[in-house]
Amino acid sequence: MTLDWQSLYASVLPFIPAEIAADLTLIGTFLVSLCAVIARFWPKPAKGSKWLTIYCLVNRIGMNSRHAVNLNND
């Protein structure tokens with residue numbers, strides 16, 4: 001089963017007040033954009049580094065996956 005985020009968002013949206021939904025959308029968009037910019041300039045840490053988990057999380061949130069030049073899938 002694949003999760004369609006757009007249909008999930010559309011089904012939850014009627015239960016959330018418009019002001020809160022707008023704020024959540026704005027914060028989510030900002031978070032994805034910020035992580036994408038950070039991922040663009042952050043080189044991959046060495047294996048075993050404590051920063052590797054955070055690096056992978058930032059890349060996942062910033063949607064920096066399959067086609068990124070700076071993402072080395074070892």
Side-chain angles (χ1 to χ4, degrees):
M1 179 179 147
T2 60
L3 181 62
D4 183 18
W5 289 104
Q6 187 175 7
S7 63
L8 176 69
Y9 188 69
S11 65
V12 172
L13 195 60
F15 302 109
I16 302 173
E19 296 84 17
I20 295 174
D23 290 342
L24 290 175
T25 302
L26 181 66
I27 291 168
T29 303
F30 174 75
L31 183 64
V32 170
S33 300
L34 180 65
C35 286
V37 169
I38 291 171
R40 165 63 181 91
F41 295 104
W42 189 5
K44 186 172 184 174
K47 283 189 177 185
S49 173
K50 64 180 180 179
W51 292 103
L52 189 58
T53 304
I54 297 171
Y55 172 82
C56 291
L57 181 66
V58 166
N59 275 293
R60 179 66 63 138
I61 293 172
M63 299 178 194
N64 189 27
S65 57
R66 290 174 277 183
H67 304 293
V69 175
N70 65 335
L71 183 65
N72 298 327
N73 293 326
D74 296 12

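Along the sequence shown, the residues carry numbers beginning at 1. The figures here come from the full heavy-atom set of this structure, side chains too, leaving out hydrogens, waters and symmetry mates. Being a predicted model, the structure only gives us computed values, none of them experimental.
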First locate atom [atom1] of [X], then atom [atom2] of [Y], and finally report the distance between them rounded to the nearest 0.5 Å.
X: W51; Y: C56; atom1: CH2; atom2: SG; result: 13.5 Å
X: I38; Y: I54; atom1: CD1; atom2: CD1; result: 11.0 Å
X: I27; Y: L34; atom1: CD1; atom2: CG; result: 13.0 Å
X: L31; Y: L26; atom1: CG; atom2: CG; result: 11.0 Å
X: R60; Y: C35; atom1: CZ; atom2: SG; result: 12.5 Å

Least distance between heavy atoms, [X] atom then [Y] atom:
X: P14; Y: A10; result: CD-O, 3.2 Å
X: Y9; Y: A21; result: OH-O, 3.7 Å
X: L52; Y: K47; result: CD2-CA, 4.4 Å

Original post:
Do the side chains of T53 and L57 get nearer than 4.5 Å, heavy atoms only?
Top reply: no

**OP:** May I ask you to test the W42-N64 pair for a side-chain heavy-atom distance under 4.5 Å?
**Re:** no

**OP:** Treating Ile, Leu, Val, Met, Phe, Trp and Tyr as nodes and any side-chain heavy-atom pair under 4.5 angstrom as an edge, say whether L8 and L13 lie in one connected cluster.
**Re:** no

